[in-house]
Amino acid sequence: MRDALLGFLREAFPRLEAAEPILLEKHIPALKVRGGYADALYGDLVFECKKRLDDRTRAEGVEELERYLRNQQHPEQFFGILTDGQRLEVFALREDKLLLVDRLVLGPERAEEAWLWLDSYLFHERNLQPTAEDVALRFGERSAVFFQSFRTLEGLWREVAASPNAQTKIVQWQSLLSIVYGSAVGDPGLFLRHTYLALLARALAFVALCRRSPQQEELSGMVTGETFGRMGLDNFVGDDFFSWVAMRGVADRAMGLLHALASRLAVAYDLSAIREDLLKELYQELVDPATRHDLGEFYTPDWLAELTLRHAGFPGQRKVAAEVSLLDPSCGSGTFLFTAVRMLREAGWHGALLAGWCTEHLAGLDVHPLAVTIAKTNLLLALGAELKGYAKRFTLPIYMADSLTSSEGGTTHPEVQIRVPVEELAQRAGKARPRGLPSSFGLPAQLSDQPALLGAALDTLLEFATLPGDPASVR
C-alpha cells in the first residue's frame, strides 16, 4: 500500500522528490510502535499506510501517528496522514491533543480537487504569519492555485450558464458593475474571477474563526451562509451572485474546490493574529485592474489609513472612543474599518466591548458587490477571537449602497419614497423646522419581498425618529 501511494504521488507530482527526498521506513527513535518506523516521512508530513481502514486499523494508525508526532522536536509543525490509498485523514497536535483536522476521499471524478488538496500539504510552508503580499503570491492570478481553480470554475460555468438561475445572477452582477464603472464591463471571465475571490474569502473567514478546515457537511452552508449563521453571524454571506456554485449538477465539484482552498489556507497560515488587510492586494488584482486604472480607482495603504485616523484623533481615550462613530462611505476592501479595529485593540478594547462598539459605531458602504464581501471578510478577520466573547448575534455593519447618489438624483435602484411630515412634526413639538432635513426618503423596493428585513428597517427608523419620553420630537 505504501509503494502504491508513493507511486501515485510521484506520478501526479513530478517535482516531488526534486523538492525534498521521501524517506521510506523512517526510523523515529524511542518509539516502540513497530520498531519505531514510520511508513514514510516527507518534510513535515508523516505517512502511515493501512491496507484497509476499519475501526481496528484506524485506531491503531491514529495511535501510531500520535506517537510519531509527539516524538518530533517541534510536534506542532508536523502533520500525520493516515491512508488506505483511497481515504486520507490528516491529524495534528493542537493544544497537546491529536485532532483530525482534514480528510479527503480520492476518486476519478474529483481529480482536480485531490490535486489541489495534496499539493497544499506537499509543497506549502506551514503556519506562516499571513501578509497581503504573501496571500497575493499564493492565491493571486499568477499562482498555480488560481490557475487550477479558474479552470475548474470555467468548466462548472459552462454546465450551468444557460440556466435561468445562472443568467439571473450574472445579469444582476453586470447591472451593478455598470453602475460602478459607468459602462458595461462585466464579462463571464471577470464574473468567474469574482466568484473565485468570493469563495476564497469564505474559506479564509471559516479557517480564521474555526482554526481548521471545514467538514464536508459544512461546505454548502459556507456558500449559502447557513454555516456562518450557526456561528452567530447574521449577514456575512447569503444568496448572492456567486452562490451559483451551489446549483444542482455542479455543487459537489464546487464544494470540493472550496474545501481545497480552505485546506491550503489552514496549512499555510497561522491566522490567530492578523495584523493587516490580507485581501487588499488580491482584491485589486482580481477585480478589474484595467478598468480601475482608467477610472483612477486606487486603494488606501494600511499605513495611510492609520495615519489618517490618528490625525483625526481616533481612537483617543476610551471614553472618547465610546462616543465616536466611524463611517467609510466607499470602503472598498475595508482597510479603514480593519485598521480602526486594530487601533482600538491596541488601545485596550477587547472581547464583547470591542465587538459591541463595531455594531453601534462602525459602518461601511460600497456600491461594488465584491467589495462588500471582501470588506465583511476583513472585518471578521480583524475581530477574530473577539466574537467568541460576544453573547449576541453579530450583524456585520457593511452594506451595498451607492453613497454618492441621492434618491432625488435619480438612483437606478427601484425605491419606494416615504414622505416625512416635517412641518407637522416640528409644529407639534413646538420647534422650528430643522434646516436641511429632507421631506422624504427612499426604501429599496426589494424589501417588500423580505418581510423580516423590512420589519427590522422600520424598527430602526422608529428608534431614530423618537426621543425617549417625547414621541413627537424631531431628531
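Quantities reported herein were computed from a predicted structural model and do not represent experimental measurements. What you see below is based on every heavy atom in this structure, not just the backbone, and it leaves out hydrogens, waters and symmetry mates.
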Could you report the tightest heavy-atom contact between L286 and H194, atom names first, then the distance?
O-CD2, 3.8 Å
Residue pair H361 / V324, side-chain heavy-atom distance below 4.5 Å:
no
Interatomic spacing from CG in L380 to CZ in F338 - rounded to 0.5 Å
11.5 Å
Heavy-atom side-chain proximity of M247 to K169 below 4.5 angstrom
no
Residues that D234 engages under salt bridge (charged side-chain N to carboxylate O under 4.0 Å, His left out), provided they are two or more places apart
R393
Looking at G189 and D187, what are the two nearest heavy atoms and their distance?
N-OD1, 2.9 Å
Rounded to the nearest 0.5 angstrom, the CZ-CG distance for R202 and L261 is 12.0 Å
For D84 and R52, work out which heavy atoms get closest and say how close.
CB-CA, 4.0 Å
Under a plain distance cut-off of 3.5 Å, with no hydrogens placed, do D54 and T57 share a side-chain donor-acceptor pair?
yes
State the OG-CG distance between S149 and L192, to the nearest 0.5 angstrom.
11.5 Å
Heavy-atom distance under 4.5 Å between the side chains of L233 and L387, does that happen here?
yes
Taking the side chain as everything from C-beta on, heavy atoms only, tell me whether E306 gets closer than 4.5 Å to R342.
yes
Which label fits F139 and Y269: parallel for a plane angle under 30°, tilted from 30 to 60°, or perpendicular past 60°?
tilted
Strictly distance-based, threshold 3.5 Å: is any side-chain N or O of S175 a donor or acceptor partner for the main-chain N or O of V171?
no
Least distance between heavy atoms, T377 atom then A205 atom
CG2-CB, 4.3 Å
Is R70 reaching over with its side chain to a backbone N or O of D96, donor-acceptor style, under 3.5 angstrom?
yes
From L370 atom CG to M400 atom CE, the distance as rounded to the nearest 0.5 Å
11.0 Å
In terms of the angle between their ring planes, are F206 and F228 parallel, tilted or perpendicular, with boundaries placed at 30° and 60°?
perpendicular
Any carboxylate oxygen within less than 4.0 angstrom of a Lys/Arg side-chain nitrogen, looking at R310 and E346?
yes
Does a side chain donor of either D270 or S272 reach within less than 3.5 Å of an acceptor in the other side chain?
yes
Sorted by chain and residue number, the side chain to side chain donor-acceptor pair (under 3.5 Å) partners of D277 (sequence neighbours excluded) come out as S333, T335, N378
Inter-residue atom distance W244.CH2 - T195.OG1, 0.5 Å rounding
5.5 Å
Would you say the side chain of P214 lies within less than 4.5 Å of the side chain of T227, judging by non-hydrogen atoms?
no
The single option from L88, L82, T83 passing side-chain contact (heavy atoms from CB on, under 4.5 Å) against L53:
L82
Verdict with reasoning, T395 to T359, per side-chain contact (heavy atoms from CB on, under 4.5 Å):
CA-CA 7 Å; T395 299; T359 62; over 6 Å; no
Output yes when a side-chain donor or acceptor of K392 lies under 3.5 Å from a complementary backbone atom of G356, and no otherwise.
no
SB check R230 E218 (cutoff 4.0 Å):
no
Please evaluate residues W349 and V341 with respect to the criterion side-chain contact (heavy atoms from CB on, under 4.5 Å), reporting the C-alpha separation (whole Å), side-chain torsions for both, the decisive distance (0.1 Å), and the verdict.
CA-CA 9 Å; W349 292 66; V341 172; over 6 Å; no
Interatomic distance, L271 atom CG to Q129 atom CD [nearest 0.5 angstrom]:
9.0 Å
Kindly check if the number of other-residue, nucleotide or ligand heavy atoms within 6.0 Å of CD (E133) is above 12?
no
Just by distance, do the side chain of Q167 and the backbone of A161 share a donor-acceptor pair under 3.5 Å?
yes
Smallest separation among heavy atoms of A201 and L279, with atom names
CB-CD1, 4.4 Å
Do V245 and L257 have side chains that get closer than 4.5 Å, going by heavy atoms?
no
Go through the steps to decide whether L177 and L190 satisfy the test side-chain contact (heavy atoms from CB on, under 4.5 Å), and finish with yes or no.
CA-CA 11 Å; L177 283 196; L190 183 59; 4.1 Å; yes
Is any side-chain heavy atom of D240 closer than 4.5 Å to a side-chain heavy atom of P369?
no
Applying salt bridge (charged side-chain N to carboxylate O under 4.0 Å, His left out) as the test, list every pair that has at least one member in residues 159-168; sequence neighbours left out.
E159-R253
Do L99 and R212 touch side chain to side chain, with heavy atoms closer than 4.5 Å?
no
How are the rings of H368 and Y283 set relative to one another: parallel (under 30°), tilted (30 to 60°) or perpendicular (over 60°)?
perpendicular
With salt bridge (Lys or Arg N to Asp or Glu O under 4.0 Å) as the criterion, how do R193 and E141 come out once you've worked through the C-alpha distance, each side chain's angles and the decisive distance to 0.1 Å?
CA-CA 9 Å; R193 290 160 72 95; E141 64 177 347; 3.1 Å; yes
Using the rule given for ring pair (Phe, Tyr, Trp, His ring centres under 6.0 Å), can you reason through F150 versus Y196, listing the C-alpha separation, both sets of side-chain angles and the distance that settles it, and then say yes or no?
CA-CA 7 Å; F150 191 80; Y196 165 77; 8.3 Å; no
D366 versus G332, closest heavy-atom pair with distance
OD2-N, 2.8 Å
Evaluate L326 against L309 for side-chain contact (heavy atoms from CB on, under 4.5 Å), listing each step before the verdict.
CA-CA 10 Å; L326 176 64; L309 290 171; 4.1 Å; yes
